[in-house]
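Data first, discussion second: the structure below is written as structure tokens.
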Amino acid sequence: MFKVLVSDPISDLGIQQLVDASDIAVDKKPGLSEDELVAIIGEYDALLVRSQTRVTAKIMEAGKQLKVVGRAGVGVDNIDLDAATQRGIIVINAPDGNTITTCEHTFAMMMAVARHIPQAYMKTVNGTWDRKSFLGVELRGKTLGVLGMGRIGSEVAKRAKAFDMEIIGYDPFMTEERAEKIGVKLASVDDIVRNADFMTVHTPLTPETRHMIGRAQFEVMKPGMRIVNCARGGIIDEIALVDAVDQGIVAGAAFDVFEVEPPAEDHPFLTHPKIIVTPHLGASTIEAQENVAIDVSEQVIHILRNEPFINAVNMPPIPANLQSILQPYFTLGEKLGSFIAQSTEGAVTEIVVGFSGELAEVDTQPLTRHIVRGVLAHHLGTEQVNVVNSMHLAKVRDVNIVIQKSHASKDFTNLVTVSLRTKKEERIVAGTLLTGYGPRIVQIDKYPVDVTPEGNLILISHNDKPGIIGRVGTLLGNNDVNIATMQVGRQLVGGSAIMVLRVDKGTPKEVLDQLIRMPELNTAKEITLF
Ligand SMILES: NC(=O)c1ccc[n+]([C@@H]2O[C@H](COP(=O)([O-])OP(=O)(O)OC[C@H]3O[C@@H](n4cnc5c(N)ncnc54)[C@H](O)[C@@H]3O)[C@@H](O)[C@H]2O)c1
Ligand SMILES: O=C(O)[C@H](O)COP(=O)(O)O
């Protein structure tokens, strides 16, 4: 039974599929401190959060069983991604479910700041009928600058057109074609700051976007600018903004997010007459909360059940068409990695992965992760290594990964070759998928073979002499080790050769020792592939 901990308020309806799953038990414990989480996280396989829970390295260190942290929302700045990657914990988010809701909140804030709605409301409910102090401005005909034209920024731009606004946008990944399609004029940050009447930010908070609107930008800003931030606190320098409002450069600002949340009691935004605020409510609608909870729950179920999943933040995404090409090779890749690691002695220094045939035409990085996982799991344990951290673990252990691609594949449509270099030796194993038969090992070192990579195997290297196969069979039979299949590979009659036996159960060490002592037999290794 998998255990899932929900540590922030997340829609009950959204997580219903987790609650209904017969192999999953869900505990809801919102509002725990870091220490309280550390104390209990060890028993959980998955943790579901919004932005309140700070998922620190300490929590992940204590989460010995933790396979996935699911963020019911977009921003993962509350999750230590490096720590998660190092421990092989998959971090997923729900990037699409709250786009429209946050876009609509941006408009609510933009109109509220244009028409002084919160200030007017406060005065009215406090008994003052003041119609003079709150002269607003129209959106019509104004220029809106959008910084960050991703999901939310693009939706904001689309809706701004309905208000007859001119939209100028900046995003390093925005092409002319896309800008034209959504009716946005591409501009620089400087153009936006100098020319817009309203400005709204929709970027993540990164070292590059931190204070991207600061003193230097306020100095050249078009006077009377109104600014909205429903993205992340810190994109706009809060102190510099307050000064710019006081100097009359900025006519008003609407902030849903703060550099530190919740803000300190004496934060200048909280008392400033021209700055309006909401407590990080951008994603807080019934619809968005259901959407993000449904999305994240679905993916958590897939991850716990070892099924393909999407939206991993600490792993490059695999496009659907690539996933369908590579998916069938993932198991083969791990088995090849595991096979070669078990058959090779010495500390691993280099893994050379070769892809030939059609596989050479596509991005094989996701498959490489599986192969490297297969190699490292033999040394570090299957619990420690997964496809999230396999490349990282290889790097920190100074294991060099080399990729080779060749468009031609002599005998097979696709061939995956793994060479392992250790301080002692170098070995090669190659495999393919045979239509109708599944994964096959088709080469071990220089010998062609046809081995199903599954179950208990014994890999023997010997000299090709009459009688040796019989002697091996007799010894195993005498020790109650039943041979299911046997493959022999050789290059020259009488030369060196290999034998791969599939046996019905594990082979005792003393039997392997007896095999090794046989005349004309050089090595015998047990390999287990499940
Ligand atoms: N207030 C809330 O409750 C709330 C809700 C949802 C999302 N958000 C936040 O809103 C922001 C946008 O979310 P999204 O879903 O649109 O994300 P997104 O990833 O779809 O879009 C972000 C865009 O910012 C762009 N960008 C990155 N660096 C930039 C830079 N230096 N200058 C200009 N553009 C840059 C990216 O290219 C991308 O297109 C995120 O910070 C997210 O966490 C807040
Ligand atoms: O990044 C997000 O999705 C938003 O900031 C929403 O955060 P929340 O889930 O804590 O409301």
Side-chain angles (χ1 to χ4, degrees), residues 334-351 371 373-385 397 399 418-431 439-530:
E334 288 205 15
K335 289 190 170 179
L336 290 177
S338 180
F339 183 97
I340 194 111
Q342 292 181 61
S343 54
T344 311
E345 282 178 14
V348 179
T349 55
E350 188 164 79
I351 305 169
I371 294 168
R373 175 181 193 240
V375 174
L376 297 189
H378 173 60
H379 299 279
L380 304 175
T382 44
E383 290 297 306
Q384 300 298 316
V385 194
R397 279 166 179 76
V399 175
V418 187
S419 314
L420 198 66
R421 294 196 181 123
T422 72
K423 296 228 154 130
K424 281 188 163 177
E425 58 180 332
E426 178 178 350
R427 298 202 79 147
I428 299 176
V429 63
R440 284 286 195 281
I441 294 177
V442 295
Q443 182 191 336
I444 298 171
D445 297 331
K446 54 194 172 180
Y447 310 105
V449 292
D450 178 8
V451 176
T452 306
E454 209 172 82
N456 298 99
L457 305 174
I458 303 173
L459 174 64
I460 291 171
S461 73
H462 61 285
N463 302 325
D464 181 35
K465 291 281 152 47
I468 190 153
I469 293 176
R471 286 203 298 279
V472 168
T474 306
L475 175 72
L476 291 176
N478 288 344
N479 286 281
D480 199 27
V481 179
N482 192 39
I483 300 172
T485 62
M486 173 185 275
Q487 268 281 315
V488 182
R490 65 178 186 189
Q491 278 199 315
L492 294 172
V493 176
S496 60
I498 58 158
M499 207 187 291
V500 188
L501 308 162
R502 180 121 64 87
V503 290
D504 290 342
K505 59 178 187 182
T507 308
K509 184 169 180 313
E510 52 281 12
V511 179
L512 286 171
D513 290 343
Q514 286 178 50
L515 278 173
I516 294 166
R517 286 198 295 271
M518 272 185 179
E520 306 293 348
L521 199 147
N522 306 319
T523 60
K525 287 186 200 303
E526 186 182 35
I527 293 172
T528 315
L529 297 175
F530 287 106

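What's counted below: heavy atoms across the whole structure, side chains too, no hydrogens, waters or symmetry copies.
How far CD1 of I527 is from CD1 of I458: 10.0 Å, rounded to the nearest 0.5 Å. Residue R421 holds its CZ atom at 8.5 Å from CD1 of I428, rounded to the nearest 0.5 Å. Atoms CD and OG1, on E350 and T422 in that order, are 11.5 Å from each other to the nearest 0.5 Å. Residue K509 holds its NZ atom at 11.0 Å from CD of Q514, rounded to the nearest 0.5 Å.
Between the E334 side chain and the L336 main chain, no donor and acceptor come within less than 3.5 Å of each other. Judged purely by atom type and a 3.5 angstrom limit, T349 has no side-chain atom pairing as donor or acceptor with the backbone of K423. At distances below 3.5 Å, at least one donor-acceptor pair connects side-chain atoms of R373 with backbone N or O atoms of V385.
Considering N522, V488, L521, L512 in turn, L521 is the only one that fulfils the side chain to side chain contact (heavy atoms under 4.5 Å, CB included) rule with I460. Exactly one of V442, I441, L459 qualifies for a side chain to side chain contact (heavy atoms under 4.5 Å, CB included) with V449. That residue is I441.
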Can you give me every donor-acceptor pair (side chain of residues 338-347, partner residue at least two apart or in another chain, under 3.5 Å) with its distance?
from	atom 1	to	atom 2	distance (Å)
S338	OG	Q342	NE2	2.9
Q342	OE1	T528	N	2.8
Q342	NE2	T528	O	2.8
S343	OG	F339	O	2.9
S343	OG	I340	O	3.3
T344	OG1	I340	O	2.6
E345	OE2	K525	NZ	2.7

Show the atom names and distances, to 0.1 Å, of all donor-acceptor pairs under 3.5 Å that link a side chain in residues 463-473 to residues at least two apart or in another chain.
from	atom 1	to	atom 2	distance (Å)
N463	ND2	E520	OE1	2.9
D464	OD2	R490	NH1	2.8
D464	OD2	G494	N	2.8

N/O donor to acceptor pairs below 3.5 angstrom from side-chain atoms of residues 496-508, sequence neighbours left out:
from	atom 1	to	atom 2	distance (Å)
S496	OG	Y447	OH	2.8
D504	OD2	N482	ND2	2.8
K505	NZ	D480	O	3.4
K505	NZ	D480	OD2	3.4

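Comment: R517 does not engage D513 in a salt bridge, judged by the lack of any side-chain N to carboxylate O separation of less than 4.0 angstrom.
Heavy atoms only, all atoms of each residue included: I351 and V348 are closest at CG1-CG1, 4.2 Å. Of all the heavy atoms in E526 and N456, the pair that sits closest is OE2-ND2, 4.1 Å. Residues V375 and H379 share a closest heavy-atom pair of O-CD2, 3.5 Å. The nearest pair of heavy atoms linking P439 to P453 is O-CD, 3.2 Å.
Inter-residue side-chain proximity for T485 and V451 is flagged as unmet; no heavy-atom pair is nearer than 4.5 Å.
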Which is it for N478 and L475 under the side-chain contact (heavy atoms from CB on, under 4.5 Å) test, yes or no, and what are the steps along the way? CA-CA 5 Å; N478 288 344; L475 175 72; 5.6 Å; no
